[in-house]
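To find a chain, count down the sequence lines: A is the first, B the second, and so on, and within it residues start at 1.
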Number of protein chains: 4
Amino acid sequence: MNEEAAEHKSWRYKVSRLVEHKLFTWTIITFILINAIIVGIETYPAFYDGNEGLFFLLDRILLWIFTVEIALRLIASAPTLSFFRSGWNWFDFLIVAAGHIFVGGHFVTVLRILRVLRVLRAITVIPSLRRLVDALMRTIPSMGNIMILMSIVFYIFAVIGTILYADVLPEYFGTLGATMITLFQVVTLESWAEEVMRPVLAIDPSSWIYFVSFILVGTFVIFNLFIGVIVNNVEKANEEDFNGESGADKGAEPLIPDSNTREIQELRSEVAELKEMLKEMNQKNDRE
Amino acid sequence: MNEEAAEHKSWRYKVSRLVEHKLFTWTIITFILINAIIVGIETYPAFYDGNEGLFFLLDRILLWIFTVEIALRLIASAPTLSFFRSGWNWFDFLIVAAGHIFVGGHFVTVLRILRVLRVLRAITVIPSLRRLVDALMRTIPSMGNIMILMSIVFYIFAVIGTILYADVLPEYFGTLGATMITLFQVVTLESWAEEVMRPVLAIDPSSWIYFVSFILVGTFVIFNLFIGVIVNNVEKANEEDFNGESGADKGAEPLIPDSNTREIQELRSEVAELKEMLKEMNQKNDRE
Amino acid sequence: MNEEAAEHKSWRYKVSRLVEHKLFTWTIITFILINAIIVGIETYPAFYDGNEGLFFLLDRILLWIFTVEIALRLIASAPTLSFFRSGWNWFDFLIVAAGHIFVGGHFVTVLRILRVLRVLRAITVIPSLRRLVDALMRTIPSMGNIMILMSIVFYIFAVIGTILYADVLPEYFGTLGATMITLFQVVTLESWAEEVMRPVLAIDPSSWIYFVSFILVGTFVIFNLFIGVIVNNVEKANEEDFNGESGADKGAEPLIPDSNTREIQELRSEVAELKEMLKEMNQKNDRE
Amino acid sequence: MNEEAAEHKSWRYKVSRLVEHKLFTWTIITFILINAIIVGIETYPAFYDGNEGLFFLLDRILLWIFTVEIALRLIASAPTLSFFRSGWNWFDFLIVAAGHIFVGGHFVTVLRILRVLRVLRAITVIPSLRRLVDALMRTIPSMGNIMILMSIVFYIFAVIGTILYADVLPEYFGTLGATMITLFQVVTLESWAEEVMRPVLAIDPSSWIYFVSFILVGTFVIFNLFIGVIVNNVEKANEEDFNGESGADKGAEPLIPDSNTREIQELRSEVAELKEMLKEMNQKNDRE
């Protein structure tokens with residue numbers, strides 16, 4: 001049994017070497033690209049109509065290739081279940097698993113969209129893209145409080161808007177949901193005056209207070225969100241610079257006073273030398 | 001009477017402990033959330049029509065809960081009137097008081113909006129949100145001068161616009177107020193060309209000077225407002241870093257040259273050791 | 001004659017003290033405000049029609065008040081003509097002088113606009129606003145090169161747009177001037193797709209290349225203008241911090257490594273002490 | 001033959017001196033300006049119609065002037081082919097060469113656009129503009145990854161949009177290409193609600209998920225692109241400050257701890273002196 005385990009181990013080792021090989025990654029990127037091209041071509045009826053069978057077959061082949069890929073990566077994980085510790089692996093697994101589950105409905109819209117979402121796997125597979133998206137994701141929690149504030153502002157203005165203008169402009173303020181969408185439109189400044197405010201203004205001449213105050217508050221909060229993220233990033237960049245240059249042993253090795261640090265370190269070693277010399281002198285004097 | 005005061009004190013102490021308890025805060029947040037959901041549901045006639053009595057009752061209950069909450073917090077304040085030193089407490093007090101005052105008019109729009117504004121109390125109750133809004137508010141005074149400048153620019157362009165185009169496009173430039181709203185629309189770049197400038201341009205071919213110069217000046221000023229706030233924030237963040245890391249004893253302890261400071265301090269202690277050694281040697285030499 | 005000069009001097013001194021008095025400034029600000037209110041009221045026919053004589057009179061009075069003010073400030077200037085060294089004084093002088101020159105045409109549009117522009121004198125009179133506008137103005141030269149680049153991009157796209165689409169959409173691309181205005185509209189992203197590109201796209205299906213490339217190039221250049229100014233301001237702010245904190249004697253005394261500088265200076269004095277001690281020891285040894 | 005080479009050399013030297021002369025540059029800038037004015041005038045039929053021959057002649061003359069200019073600059077290059085090492089020279093060469101190649105088709109649109117593009121040569125000729133564009137170009141590679149991410153997001157949303165809304169709104173989502181253009185319009189927030197989302201929303205009430213999620217993802221990515229470039233630039237500016245102040249001999253001489261560096265260096269030299277003194281003392285002691 002020990003032998004079997006060893007054999008299993010070596011087998012897993014071979015798989016993990018295969019999975020981590022550059023060629024393996026490039027092969028998968030190629031298949032993701034082919035998948036992307038196929039879903040693109042399928043949107044053209046001229047190519048797609050009459051060739052449904054061919055496209056179905058190609059999709060099945062790609063799905064099985066991705067299934068095998070993920071199975072190999074699952075096997076290669078040291079404790080097999082550690083594979084599921086990464087959110088990216090979960091994403092890959094679910095995208096492929098869903099492809100197998102929904103296959104019954106023969107080319108329904110959900111299945112087609114799932115096939116398109118497989119293109120997102122490019123992010124999983126290309127390390128630099130994965131790092132970028134990870135970095136983008138990490139900025140979201142720091143926006144937490146300002147998001148809650150934005151939600152409160154949105155909700156209050158949505159309820160007030162629905163109370164005041166549901167009868168004036170039902171298409172835009174008819175229900176709480178419709179008002180939410182309208183407020184999102186207003187905060188992007190899209191046709192907020194021509195299509196949203198002016199028709200209301202024609203009936204309620206004081207309604208500009210509602211719209212102008214929402215735009216001022218909304219853009220002010222977004223603007224501060226923006227500034228917060230910039231300041232946060234500038235600071236983080238500075239800190240990374242400090243920690244990036246130095247090794248892991250020293251926590252706060254700064255980038256900027258690099259030359260000084262070097263100078264001071266050399267100075268210390270010289271002072272240490274001085275101490276040695278004095279010790280020797282001392283000992284010699286003692287001996288004398 | 002002394003006993004009574006002590007009793008009163010202990011009673012106030014109990015109330016203040018109750019008010020500062022986490023569970024109390026969470027209960028109030030829950031009621032604010034319930035209030036938010038109720039005002040949301042009320043916007044749907046399907047739920048509201050026929051249940052006016054129920055919603056009125058629920059609102060009364062919530063209003064009295066908030067009244068009791070604020071009364072307790074008022075009692076808990078050390079000198080009772082110190083409660084009114086905080087703008088947030090004033091806000092809470094007025095929102096709830098207004099709910100009692102306007103109740104006579106049975107569900108008028110003002111009362112409904114007041115009930116919606118109670119959702120804003122979430123900011124008062126959740127400390128992290130209160131700090132965020134306090135921080136946002138503090139950025140406003142620094143915008144003071146640029147706001148005055150913006151007002152002057154707006155006013156001058158509004159008067160000129162009304163003089164020049166009141167007859168050309170009365171809906172947009174008919175009165176000083178209408179022109180102000182139009183200029184706000186133009187500065188958000190919303191339909192400024194299609195709906196505002198081009199109809200005027202068809203009659204007065206040189207009117208583009210007015211619109212283009214207003215957009216250039218307006219966005220330039222806003223853009224500088226933006227930059228000013230960013231620079232201000234980056235600086236403040238740097239200063240906070242300096243003062244945040246160090247204790248209160250040293251004014252300008254910097255974050256960045258942390259490792260250098262450590263190195264230099266160690267160097268100083270080594271030089272001090274050297275000095276000790278030399279002193280000893282000197283004394284020994286003297287004795288010899 | 002010497003006496004006369006002295007008298008003249010003392011008279012000038014009195015005027016300059018008057019002009020620099022806070023009350024004088026506040027009086028002028030009040031009159032500018034009154035001027036602003038009057039030009040605002042004039043835009044309402046309800047107030048203006050029938051009262052032309054009153055408004056004309058008020059305007060004459062204000063104009064003469066400002067004339068006297070500027071005359072006093074002109075007299076107060078040490079060499080009288082040094083008054084014209086400041087751009088702000090030129091602005092004040094021209095605004096008031098133009099009011100006297102154009103008075104012949106009785107309330108023509110030019111005269112009305114001149115009266116509105118007098119409100120801009122608030123910037124001249126309020127020192128904090130003048131400093132702000134001076135600061136904004138100073139950022140313009142640093143944009144010089146990027147402005148020239150933007151002009152070249154605009155001109156090239158304008159000529160190409162006129163060549164390609166003058167017949168397709170004459171209202172937008174009929175002449176070089178019309179195309180310039182259209183491109184300004186496109187770069188502000190206002191209705192560029194719905195009203196400008198899509199009608200052209202219906203006739204020339206490859207025209208999206210022109211619009212998309214212009215938007216990408218245009219917003220990219222503006223975006224870099226933006227970044228350049230931000231970086232410039234952050235740097236300037238840093239430099240001001242450095243030079244602001246330290247005295248004038250040391251050019252590049254940095255703000256940040258303040259505590260280190262102190263530590264290092266103390267270290268140097270200790271090393272100097274060490275040297276002294278060694279010298280003494282040496283001399284003693286020599287003497288022995 | 002040696003003599004001939006020397007003569008050739010001196011001839012090349014004369015040409016290179018001519019080419020680098022300020023007057024030469026200004027002459028070329030003048031001709032580029034004349035070229036710009038001519039292509040501008042040509043867009044006005046009032047000037048152009050009937051004078052085709054004159055404009056053709058002027059264009060020929062300018063083309064030959066630019067041809068001679070580039071020939072001279074080609075000759076002036078030390079090894080003649082080193083001329084083609086610069087992208088700018090390639091650009092100049094191709095613009096002029098294309099003018100000669102397309103001349104057969106007598107004033108076709110391509111030729112006219114080529115003549116307009118010659119105005120871009122102003123960037124090549126004016127050094128400060130060339131540096132600016134070089135700087136702008138250098139920021140593009142750092143956007144690489146985020147561009148790829150943006151392309152993936154665009155492609156996925158384009159395919160999904162075409163699948164879902166090709167029948168609902170064929171003008172906007174009919175083909176993959178049309179959807180791409182629509183998504184570009186949506187990401188610039190131009191009429192995304194009024195003209196794109198609302199017609200779709202009228203048929204598919206859940207379509208707001210598609211539009212809102214695309215706007216949030218799209219603007220979030222662009223926003224991060226923006227921040228990345230700002231942070232990058234602020235850092236680069238800091239680094240340039242460090243390297244700009246110090247000489248070329250020391251790589252990472254920082255701007256900020258300038259005074260400290262000086263102090264530390266003096267300290268080191270003092271410690272070195274100390275060491276020398278100790279060595280001497282040691283030797284003396286040994287000798288004694």
Side-chain angles (χ1 to χ4, degrees), chain C residues 144-146 148-149 152 155-156 158-160 162-164 166 175-176 179 189-195 197-198 201 208 212 215 219-221 223-224 226-228 230-232 234-235 238 242 250 252-257 260-261 264-265 267-268 271-272 274-275 278-279 281-282 285-286 288, chain D residues 36 39-40 42-45 109 112-113 115-117 119-120 122-123 126 128-129 131-133 135-136 139 171 177 180-182 184-185 188-191 194-195 226 229-230 233-234 236-238 241 245 255-260 263-264 266-267 270-271 273-274 277-278 280-281 284-285 288:
Chain C
N145 266 325
I146 225 161
I148 294 171
L149 185 66
I152 293 173
Y155 190 76
I156 288 172
V159 176
I160 291 176
T162 315
I163 291 173
L164 294 177
T175 63
L176 201 57
T179 312
L189 302 177
E190 204 284 281
S191 299
W192 72 267
E194 285 311 312
E195 309 289 338
M197 184 188 67
R198 290 196 182 271
L201 206 63
W208 62 268
V212 171
I215 286 175
T219 53
F220 182 71
V221 171
F223 166 80
N224 271 282
F226 192 85
I227 287 171
I230 290 177
V231 171
N232 214 19
V234 170
E235 270 176 43
N238 283 343
F242 294 173
K250 279 187 176 174
E253 198 76 46
L255 169 77
I256 300 168
N260 276 0
T261 309
I264 293 169
Q265 279 162 351
L267 191 56
R268 268 184 75 180
V271 169
L274 266 179
K275 219 153 87 178
L278 275 177
K279 261 186 203 157
M281 269 176 75
N282 233 347
N285 275 0
D286 285 359
E288 270 170 31
Chain D
V39 295
E42 274 184 33
T43 64
Y44 291 91
T109 308
R112 287 185 74 181
I113 290 173
R115 289 220 303 275
V116 181
L117 289 178
V119 180
L120 273 177
I123 299 168
I126 305 170
S128 64
L129 280 183
R131 273 197 301 274
L132 176 66
V133 174
L136 295 187
T139 64
E171 199 199 332
M180 287 275 198
I181 294 172
T182 303
F184 186 77
Q185 173 181 348
T188 65
L189 302 177
E190 203 283 281
S191 298
E194 284 312 311
E195 309 289 337
F226 192 84
V229 176
I230 290 177
N233 272 275
V234 170
K236 215 188 294 167
N238 284 343
D241 280 357
E245 280 263 324
L255 169 77
I256 301 169
D258 214 29
S259 70
N260 277 0
E263 294 259 348
I264 293 169
E266 283 178 43
L267 190 57
E270 274 182 57
V271 169
E273 256 179 82
L274 266 179
M277 279 166 75
L278 276 177
E280 268 175 57
M281 270 175 74
K284 240 185 273 179
N285 275 1
E288 271 170 30

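Among all heavy-atom pairs drawn from D:L129 and D:A122, the shortest one is CD1-O, 4.3 Å. Across every non-hydrogen atom of C:R198 and D:Q185, the tightest pair is NH2-OE1, 2.8 Å. Considering all non-hydrogen atoms of both residues, D:I181 and C:M197 come closest at CG2-CE, 3.4 Å. Closest non-hydrogen pair, C:A193 versus D:E190, comes out as N-OE1, 2.8 Å. For the residue pair C:N224 and C:I146, the shortest heavy atom distance occurs at C-CD1, 4.0 Å.
Only the side chain of C:I152 comes within less than 4.5 Å of a heavy atom in chain D; its backbone stays farther off. With a 4.5 Å cut-off on non-hydrogen atoms, D:E171 touches chain C through its backbone and its side chain both. Using a 4.5 Å cut-off between heavy atoms, D:L132 contacts chain C through its side chain alone, with no backbone atom that close.
Here C:N145 is the residue among C:T162, C:V212, C:N145, C:T179 with the most heavy-atom pairs under 4.5 Å with chain D. Options C:Y155, C:F220, C:W208, C:W192 differ in how many heavy-atom pairs under 4.5 Å they form with chain D, and the most are formed by C:W192. Residue with the most contacts toward chain C among D:I126, D:I123, D:T43: D:T43 (heavy-atom pairs, distance under 4.5 Å).
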